Protein chains: 2
Amino acid sequence: MARQNQRITESQQSMLSFIQDYILTNGRPPTFRDIQRGANISSLSMVSHHLDALRDAGEIEFSEGSSRGVWVKGLPKPGDFMRVPMCGVITCDGEHGVPTPDADALRNAEDWIPVARSLVGNAKMEDLYALRASGDSMIDAMINDGDLIIMRRNFDYKDGGLYAVMLSDRNETTLKRVFKDGKKFKLKPENPRLKPFWVDAQTTQLQGRVVCVVRAM
Amino acid sequence: MARQNQRITESQQSMLSFIQDYILTNGRPPTFRDIQRGANISSLSMVSHHLDALRDAGEIEFSEGSSRGVWVKGLPKPGDFMRVPMCGVITCDGEHGVPTPDADALRNAEDWIPVARSLVGNAKMEDLYALRASGDSMIDAMINDGDLIIMRRNFDYKDGGLYAVMLSDRNETTLKRVFKDGKKFKLKPENPRLKPFWVDAQTTQLQGRVVCVVRAM
DNA sequence: GGTATAATAGAACAAAAGTTCCCTTAACCT
DNA sequence: AGGTTAAGGGAACTTTTGTTCTATTATACC
């Protein structure tokens, strides 16, 4: 039986760190010989042994019979993330409003924000874009100056969500929490200290849904 | 000269999509033979040709002479991200306050949140943990019910940052924006409608710094 | 001290994977 | 139609890389 089932030795630990660093640095797993060199293991068979031990200990997993098949458990994989194009600034000063970029603008953006897929639900990458909030005009929606706002085009309407709302009669686009109320929309600022108000559904367009707000500090 | 410097053919495009999908699904790049099978390319030499074309078009990059060396440009790499352990809930009702887990609690957390490294600056992974905000008691700090708060132990003090502040005389821990003001700390709620107040630096401990706030909707 | 057991080193081997060559087919131009 | 050029197909070849085997050294136990 494998004695190493519980604890791993020092050289196995250093091997594990090397493999993790290698993956983080190079974006792909190392070969056995990469590991031998990088973690100062004396022979290839030792690499193989230690890998077995690490797998028994539940630290790594690897697909046998194929190259570069080692992976450190729990390490994030590229598929856990998406890139979202950065498409401008929300000022909400009435003049600019909330920008709604088209497909071309999305594809050719120069700035891309990496975002965990778990944050954006089942949204397709083509439908997502990011905006930067400017000023404190969205403080009612609990959005602060500098916040990153991730928006989704082609959303499925969900009552009570935050939307980029276009009021065509006032020629104004803002972010508000939206509820359907017969032939009217109830627009409710996110801040509970402010009162909701109603608008006519005919003169109202929901241009995008706020999927996520990120504030780095 | 290579004609394909500008545009890529249809089969090259489908090859590119396959490679991207493969990386996202498997977490490592495909081999030439994987590509041949997966993208229905008739021969290995065609795979090689198309890869050259895609590289000339700036769509991919690859390290020659080593296996699984293809990478789609712009695709996020594991090194772009970190995992942050989820360590409980902030209620801020005076009874619980803001939890401050120790190193062991961090390592053995059951839930891990993937976070873009660009969000957390130069913080080490061991110093980061995540909390879930509960209730609207932190609305003054522009933090809403359900928000994900990423905290950092072992921070370097930065004037004007959001901190988990422990007031030992009141036996209370809350999140506030902090400024040094002689021998006192000025604690300023994030909401500009509320007034700041001062506390004695001696009876005050800064237990952690808020690095990032994430709100999924 | 001797024996059994595990750890180690080194090399050879086998499989996987990248590279190249040559011939065929299609497209294009005059 | 003929010739030139690009695209495609297939296979052989070389390098990279995973696997295994055996002889050797260290360790533990009696």
Side-chain angles (χ1 to χ4, degrees), chain A residues 1-16 18-23 25-57 59-73, chain B residues 1-16 18-23 25-57 59-73:
Chain A
M1 282 306 122
R3 158 177 300 179
Q4 59 270 52
N5 218 331
Q6 303 287 8
R7 228 167 211 75
I8 58 179
T9 71
E10 195 172 337
S11 51
Q12 282 163 14
Q13 176 58 53
S14 96
M15 226 178 76
L16 181 61
F18 170 78
I19 296 173
Q20 177 160 331
D21 287 352
Y22 188 101
I23 293 178
T25 307
N26 302 93
R28 59 171 179 169
T31 68
F32 281 32
R33 284 166 179 84
D34 287 334
I35 298 172
Q36 191 195 354
R37 264 174 261 128
N40 255 320
I41 309 292
S42 46
S43 68
L44 270 178
S45 50
M46 276 297 96
V47 174
S48 184
H49 267 131
H50 286 160
L51 284 180
D52 286 343
L54 285 172
R55 184 185 44 189
D56 288 349
E59 299 286 345
I60 63 170
E61 53 193 6
F62 60 88
S63 56
E64 302 189 16
S66 88
S67 67
R68 299 179 186 274
V70 195
W71 196 264
V72 177
K73 274 195 179 171
Chain B
M1 281 306 118
R3 157 178 301 180
Q4 58 271 50
N5 217 331
Q6 306 283 8
R7 230 169 209 75
I8 58 179
T9 71
E10 194 172 337
S11 49
Q12 282 161 15
Q13 176 60 51
S14 95
M15 227 177 75
L16 181 61
F18 170 77
I19 296 172
Q20 177 160 332
D21 287 351
Y22 188 100
I23 293 178
T25 306
N26 301 92
R28 58 172 179 170
T31 68
F32 281 32
R33 284 168 179 84
D34 287 333
I35 298 173
Q36 190 195 355
R37 263 174 261 128
N40 255 322
I41 309 293
S42 47
S43 68
L44 271 176
S45 52
M46 275 298 96
V47 174
S48 184
H49 268 135
H50 286 159
L51 283 179
D52 286 343
L54 284 171
R55 184 184 45 191
D56 289 348
E59 299 285 346
I60 64 170
E61 54 194 6
F62 60 89
S63 57
E64 302 189 17
S66 87
S67 66
R68 300 180 185 273
V70 194
W71 196 263
V72 177
K73 274 195 180 173

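Computed from a predicted model, the values in this text were never measured in an experiment. Quick note on labels: first sequence line is chain A, next is B, and so on, each numbered from 1.
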Open item on the list: For the backbone of Ser67(B) and the side chain of Arg68(A), can you confirm whether one donor and one acceptor N or O come within less than 3.5 Å of each other?
Closed with: yes
Open item on the list: If we ignore hydrogens and angles and just use 3.5 Å, is the side chain of Asp34(B) paired with the main-chain N or O of Thr31(B) as donor and acceptor?
Closed with: yes
- [ ] Can you check each nucleotide of nucleotides 10-26 of chain D against protein heavy atoms at under 4.0 Å and return B for base, S for sugar-phosphate only, - for none, in 5' to 3' order?
- [x] B-----SBBBBB-----
- [ ] Figure out the CD/C1' separation between Glu10(B) and dG8(D), and round it to whole Å.
- [x] 16 Å
Open item on the list: With a 3.5 Å distance limit and no angle check, can you tell me whether Arg28(B) reaches the backbone of Arg28(A) through a side-chain donor-acceptor pair?
Closed with: no
Task: Interatomic distance, Leu51(B) CG vs dT19(C) P [rounded to whole Å] - done: 9 Å
Open item on the list: For the CD atom of Gln20(B) and the CD atom of Glu59(B), what is their distance to the nearest 0.5 Å?
Closed with: 10.0 Å
Open item on the list: Is His50(B) close enough to dG8(D) that one of its side-chain N or O atoms is under 4.0 Å from OP1 or OP2 there?
Closed with: yes
Open item on the list: Has Ser48(A) got a side-chain atom pairing as donor or acceptor with Ser45(A)'s backbone, closer than 3.5 angstrom?
Closed with: no
TODO: Would you mind reading off the distance between Asp52(A) atom CG and dA7(C) atom C1', rounded to a whole angstrom?
DONE: 14 Å
Open item on the list: Please give me the minimum heavy-atom distance between Phe18(B) and Pro30(B), naming the atom from each residue.
Closed with: CE2-CB, 4.5 Å
